[in-house]
Number of protein chains: 2
Amino acid sequence: MTLVVASKDNIPTTAERILDAAEDLFAQKGYSATSLGDVADRVGIRSPSLYNHFRNKEALYASVLERLLVEFSKPLLEMQQSSELSQERILQWLDTIVRQHHANPNLARLLQHAALSGGPHTNEIIERLFSPMFQSPDEEELEGDYFGQLSRQGLQPWAVMAFNNLVMSYVTMAPMYRDLLGQDPFSEEALEQQLALVNTLLKAVFAYRGD
Amino acid sequence: MTLVVASKDNIPTTAERILDAAEDLFAQKGYSATSLGDVADRVGIRSPSLYNHFRNKEALYASVLERLLVEFSKPLLEMQQSSELSQERILQWLDTIVRQHHANPNLARLLQHAALSGGPHTNEIIERLFSPMFQSPDEEELEGDYFGQLSRQGLQPWAVMAFNNLVMSYVTMAPMYRDLLGQDPFSEEALEQQLALVNTLLKAVFAYRGD
DNA sequence: AGGGTATACTAACGTCCATTAGTTTATGGT
DNA sequence: ACCATAAACTAATGGACGTTAGTATACCCT
């Protein structure tokens with residue numbers, strides 16, 4: 001796996017510009033529908049020049065993935081080690097991932113492509129993104145009553161998945177939102193409404209008792 | 001658009017077998033990553049023979065889409081005309097689409113591909129699947145208090161989208177469920193749990209008042 | 001100044017793909 | 001029996017794609 005170090009001045013290296021272009025294209029069209037010619041065109045070079053920076057198409061894809069996984073894992077890991085699990089923490093976690101995916105929709109899109117079509121790195125993405133969520137920081141049990149009625153039904157992991165999917169499908173389904181709500185899904189107002197929605201939803205689940 | 005009539009005896013025509021194969025492949029890999037050779041292989045014929053049944057690749061795709069949209073619109077339209085809008089009706093609607101997408105995950109997968117990558121028929125899918133949900137049957141207003149606190153925040157359409165995404169992302173993210181929950185997402189038990197989850201979630205939203 | 005490294009380029013390859021043309025084969029109606 | 005139609009096949013074409021080889025140019029270190 002090629003490791004691309006971030007250039008500390010604000011002028012990006014060619015490798016970074018390739019990663020940027022490839023990330024957008026892989027996220028939009030998926031692995032096989034993205035051609036190296038497309039990537040090269042965006043960067044402004046010829047496709048064989050890509051091989052000066054990445055061994056081949058698959059290595060480029062792996063690098064794109066690696067950069068995204070690092071970017072997305074960082075704040076969640078920090079949050080996980082900072083304090084005890086609680087309903088406030090879960091609300092905060094939800095707020096964080098909504099903002100993260102809003103700021104960069106590409107990881108959600110890439111993961112969605114991988115989940116739909118398979119591909120060699122699918123399991124790795126799933127493991128690195130989601131298994132941290134299914135174990136508490138210091139080996140404690142996570143079978144508390146955090147999700148109210150849902151926990152009592154044994155649906156706590158299902159609820160975690162559901163809220164994740166809610167957040168990710170917002171960005172993977174963005175064109176639908178644009179069409180049906182008549183609003184840019186990546187505007188600031190839309191972010192606020194999405195935050196209000198998931199927040200209210202989660203609080204409703206916390207508050208709900210009995211059938 | 002080629003119209004393929006269902007053969008009433010239980011032996012499917014070649015055109016139907018092509019549609020079946022193409023539906024699976026388009027749903028899994030998306031439009032451009034699916035090759036006519038793949039489709040033909042599944043049917044057990046050579047790819048040029050496909051042209052005896054469909055004008056070209058795009059027409060085949062359009063036919064696949066048409067069949068799915070008809071199949072999925074039918075029960076929802078019936079339900080929409082049968083009775084007044086109410087919270088029970090919404091619960092029933094949710095139950096229906098969960099079962100529908102569980103029985104045939106391909107529409108959700110195709111729509112997800114379309115939403116991610118664009119493509120000529122994306123808007124049509126969105127319109128035909130979702131705009132019926134944003135208007136009541138007989139020109140009534142849909143601004144009632146069906147979603148409790150969420151309606152009061154002006155998030156009613158957002159809530160409709162959210163529950164839809166919840167259902168569809170369950171099937172588009174099925175491999176994730178398999179990995180993290182260690183369970184076949186298309187088994188009967190999984191269906192029951194998914195039904196229980198969305199049901200509880202919706203009831204929680206109905207019941208939730210105030211912040 | 002000179003030589004090495006990094007990085008761009010053009011040319012070319014083999015493969016796969018959608019599509020067309022032309023041919024064969026079986027079936028069903030007159 | 002005959003012929004038309006449907007539906008399969010093989011062969012071929014033109015384009016796109018990933019990848020390799022070989023070459024040119026600019027920068028850095030001594």
Side-chain angles (χ1 to χ4, degrees), chain A residues 1-9 11-65 113 117-121, chain B residues 1-9 11-65 113 117-121:
Chain A
M1 174 138 38
T2 314
L3 200 111
V4 179
V5 286
S7 61
K8 272 311 175 187
D9 33 10
I11 162 174
T13 67
T14 304
E16 284 173 306
R17 289 167 52 227
I18 294 172
L19 281 178
D20 292 340
E23 183 184 301
D24 285 344
L25 288 168
F26 283 140
Q28 177 188 131
K29 326 210 286 183
Y31 179 77
S32 43
T34 298
S35 81
L36 294 184
D38 290 345
V39 177
D41 280 351
R42 284 218 184 181
V43 180
I45 61 180
R46 305 286 172 183
S47 69
S49 303
L50 298 177
Y51 288 79
N52 287 323
H53 303 275
F54 299 92
R55 204 177 351 88
N56 54 26
K57 188 182 178 181
E58 227 223 282
L60 172 57
Y61 180 75
S63 293
V64 165
L65 221 51
H113 274 295
S117 309
H121 296 275
Chain B
M1 171 137 40
T2 315
L3 201 108
V4 179
V5 285
S7 61
K8 271 313 176 190
D9 34 10
I11 162 172
T13 68
T14 304
E16 285 173 306
R17 289 167 53 228
I18 294 172
L19 280 179
D20 292 340
E23 184 184 301
D24 285 344
L25 288 168
F26 283 139
Q28 177 186 131
K29 325 208 290 185
Y31 179 75
S32 42
T34 298
S35 81
L36 294 183
D38 290 344
V39 177
D41 280 352
R42 283 220 185 180
V43 180
I45 60 179
R46 304 286 173 185
S47 69
S49 303
L50 298 178
Y51 289 80
N52 288 323
H53 303 274
F54 299 92
R55 206 180 344 86
N56 53 26
K57 188 181 179 182
E58 227 223 283
L60 173 57
Y61 180 75
S63 293
V64 166
L65 222 50
H113 275 295
S117 310
H121 296 275

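Not measured: the values here are computed from a predicted model. Labels below follow one simple rule: chain letters A, B, ... track the order of the sequence lines, proteins then strands, and each chain is numbered from 1.
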Distances under 3.5 Å between protein N/O atoms and the N/O atoms of nucleotides 23-29 of chain D, please, pair by pair.
none

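Following rounding to the nearest Å, L50(B) (CG) and dA8(D) (P) show an atom-to-atom distance of 9 Å. Remark: P of dA8(C) and CZ of F54(A) are 11 Å apart, rounded to the nearest angstrom. In this structure, the CG atom of L25(A) is 12 Å from the P atom of dC17(D), given to the nearest Å.
Nearest heavy-atom pair, F54(B) versus A59(B), reported as atom, atom and distance to 0.1 Å: CD2-O, 4.5 Å.
In this model, the phosphate group of dT10(D) is approached by a side-chain N or O of R46(B) to a distance below 4.0 Å at OP1 or OP2. The phosphate of dA6(D) (OP1 or OP2) has no side-chain N or O of H53(B) nearer than 4.0 angstrom. When the side-chain nitrogen and oxygen atoms of S49(B) are compared with OP1 and OP2 of dC9(D), one or more of them lie within a distance under 4.0 Å.
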For nucleotides 16-21 of chain C, just jot down a letter per nucleotide in 5' to 3' order: B, S or -, based on protein non-hydrogen atoms under 4.0 Å. -SSBB-

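Within the 3.5 Å criterion, the main-chain N or O of S35(B) finds no donor-acceptor partner in the side chain of K29(B). H113(B) contributes no side-chain N or O that, together with a main-chain N or O of H113(A), makes up a donor-acceptor pair within less than 3.5 Å. Within the 3.5 Å criterion, the main-chain N or O of T13(B) finds a donor-acceptor partner in the side chain of E16(B).
To the nearest 0.5 angstrom, L60(B) atom CG is 7.0 Å from L36(B) atom CG. Distance check: L65(A) CG to H121(A) NE2 gives 7.0 Å after rounding to the nearest 0.5 Å.
Residues S117(A) and Y31(A) are not in side-chain contact: their nearest non-hydrogen atoms beyond the backbone lie 4.5 Å or more apart.
A donor-acceptor contact under 3.5 Å links the side chain of N52(A) to the base of dA8(C).
When the salt bridge (Lys or Arg N to Asp or Glu O under 4.0 Å) test is applied to R17(B), no partner is found at least two apart in sequence or on another chain.
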